[in-house]
Number of protein chains: 2
Amino acid sequence: MTGDRLLRYAVVAAAFLLVGACIGLAVAPFPAAPVSEGGADRDTLFQVSTIDALLQGTYDGSMTFDELARHGDFGIGCGDRLDGELIGVDGEWYLIRVDGRAYPVDGDATTPFAAATFFDSDMTVAIDEPMNLAALESRVQAELPSKNLFYAIRVDGTFPHLVTRSVPAQEKPYPRLADVTANQTVFTLENVTGTAVGFWTPDLAEGINVPGYHLHFITDDRTAGGHVLDMILAEGTVQVDTTMNFTMALPSGGDFLTVDLSGDLSEDLEQVE
Amino acid sequence: MTGDRLLRYAVVAAAFLLVGACIGLAVAPFPAAPVSEGGADRDTLFQVSTIDALLQGTYDGSMTFDELARHGDFGIGCGDRLDGELIGVDGEWYLIRVDGRAYPVDGDATTPFAAATFFDSDMTVAIDEPMNLAALESRVQAELPSKNLFYAIRVDGTFPHLVTRSVPAQEKPYPRLADVTANQTVFTLENVTGTAVGFWTPDLAEGINVPGYHLHFITDDRTAGGHVLDMILAEGTVQVDTTMNFTMALPSGGDFLTVDLSGDLSEDLEQVE
């Protein structure tokens, strides 16, 4: 065999190998679209535990923030042992602790209750006149296509007045959430720009999450915020992401396994929100 | 350049290209483990729509059986317009129609309400003395690790006596489910071997699915079955798959968007089950 002929064979063999490798790449078992980095559908609202478990003092974290972030770049919840109000926006996650300051989460730390999604706006509502929280909620609710779906809600704007709260880390034996929030720390923020992040939950998920609106807030400079109690929005935009799918990851151990989730805790919930 | 030298260059270049292709393959965005063929976690109970929507006559199918099968090889539900009781076992899906016969599903046909999972037994309970349905349910319930999780239940055995039902396809305007099942067709099967397939749902999912047990049945020869109303199990095995995750796919159109899901329909549910 001459060098020339050998060269031709080598080139042909290499070409076959490359084509084979490309076919291998093409038939690799990719999941069905649309998917996120973690394999989750982007139109899924992902939740850890249930609100009725939290209301009764199930405060031990069951999922790390790193794992939560695989299911969304946007969301709310709370820290392990209720240590702070959680907010995630644009893939950055913070806990607003009882000192009123925002702390980036430690990915290895855990949450006992949280909800997250990959936020893709399906609808925008422009707000160009001042309104309080109740008026804002009514304005947005009028635009929702159904009362039976889950929606992620993002409000960016200028807030002349905004009231939030946070709670301190709890010690065992854990009190009920209504007893914790009776001693919550309230923050009044004046003339801030920032983002409220949260969800609108349908009645069908009563006991699982908070029916209606549930919003947390963080300032544009990512220094302060908390669970929203009241607000005046001067101007801004509300973006709504309709999430057709709902996924719940239930804790596989700890207090969750034995807490009584058969009752109606709507009165507890009213005290807490 | 000599032929020899050219050959060496060609081989080196081909090697680089191959290594490049392999790196490309290695960093392709595979979903996180553990996943099924469809990208779903095998420990997820996947559900279409809600029981309260079905109870109120939301009978138009919203998901194809082909799509449902991507979320499980095991499950129950019903056909479009309530045309048959659905059962899936070992990846084979059947509708038991009102003539009492089992028909393999058409993958393009749809379901208005169904639940599915990839069945992996976590626990087996051997039944070696005859018992009725209530005794069997108590026996299995005593083994469940928590009343707050979802379980897939599979019963294989010999049944001296088994009572099932099915219902006919409905026409619009759809009646409520309790009115449909008031005229259900009941089948009594004697001395059959087969498999009961279904779920145990925690109270936290009241309104979403059927709290407690919900079982459908099919004979070993895959000819008959239905929604289980009563049974005597002579001997057999019960396998239980604990599913920590729960996913709900809500219909994005049709009657679901406007049905009132805020009420307590537990009385309707009692009539139906």
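Just so it is clear: chains get the letters A, B, ... in the order the sequence lines come, proteins before strands, and each one is counted from 1.
In this structure, CD on A:E206 lies 12.0 Å from CG on B:L261, to the nearest 0.5 angstrom. Rounding to the nearest 0.5 Å gives a distance of 7.0 Å between CD1 of A:I208 and CZ of B:F246.
Without hydrogens or angle criteria, B:N148 side chain to A:D260 main chain gives no donor-acceptor distance under 3.5 Å. A donor-acceptor pair under 3.5 Å is formed between the side chain of B:S146 and the backbone N or O of A:L257.
If you tally non-hydrogen atom pairs under 4.5 Å between each of B:G207, B:P145, B:G263, B:S262 and chain A, the highest count goes to B:S262. Chain A forms more heavy-atom pairs under 4.5 Å with one residue of B:D203, B:D52, B:T243, B:T258 than with any other, namely B:D203.
For chain B, the nearby parts of A:S252 are the backbone and the side chain; heavy atoms of each come within less than 4.5 Å. Heavy atoms of A:L204 lying under 4.5 Å from chain B belong to its backbone as well as its side chain. Looking at A:P211, there are no atoms closer than 4.5 Å to chain B (heavy atoms on both sides), in backbone or side chain. Interface residue B:P251: only backbone heavy atoms are found under 4.5 Å from chain A.
The two residues A:L250 and B:N245 make their nearest non-hydrogen contact at N-OD1, 4.3 Å.
A heavy-atom distance below 4.5 Å is found between the side chains of A:M248 and B:F150.
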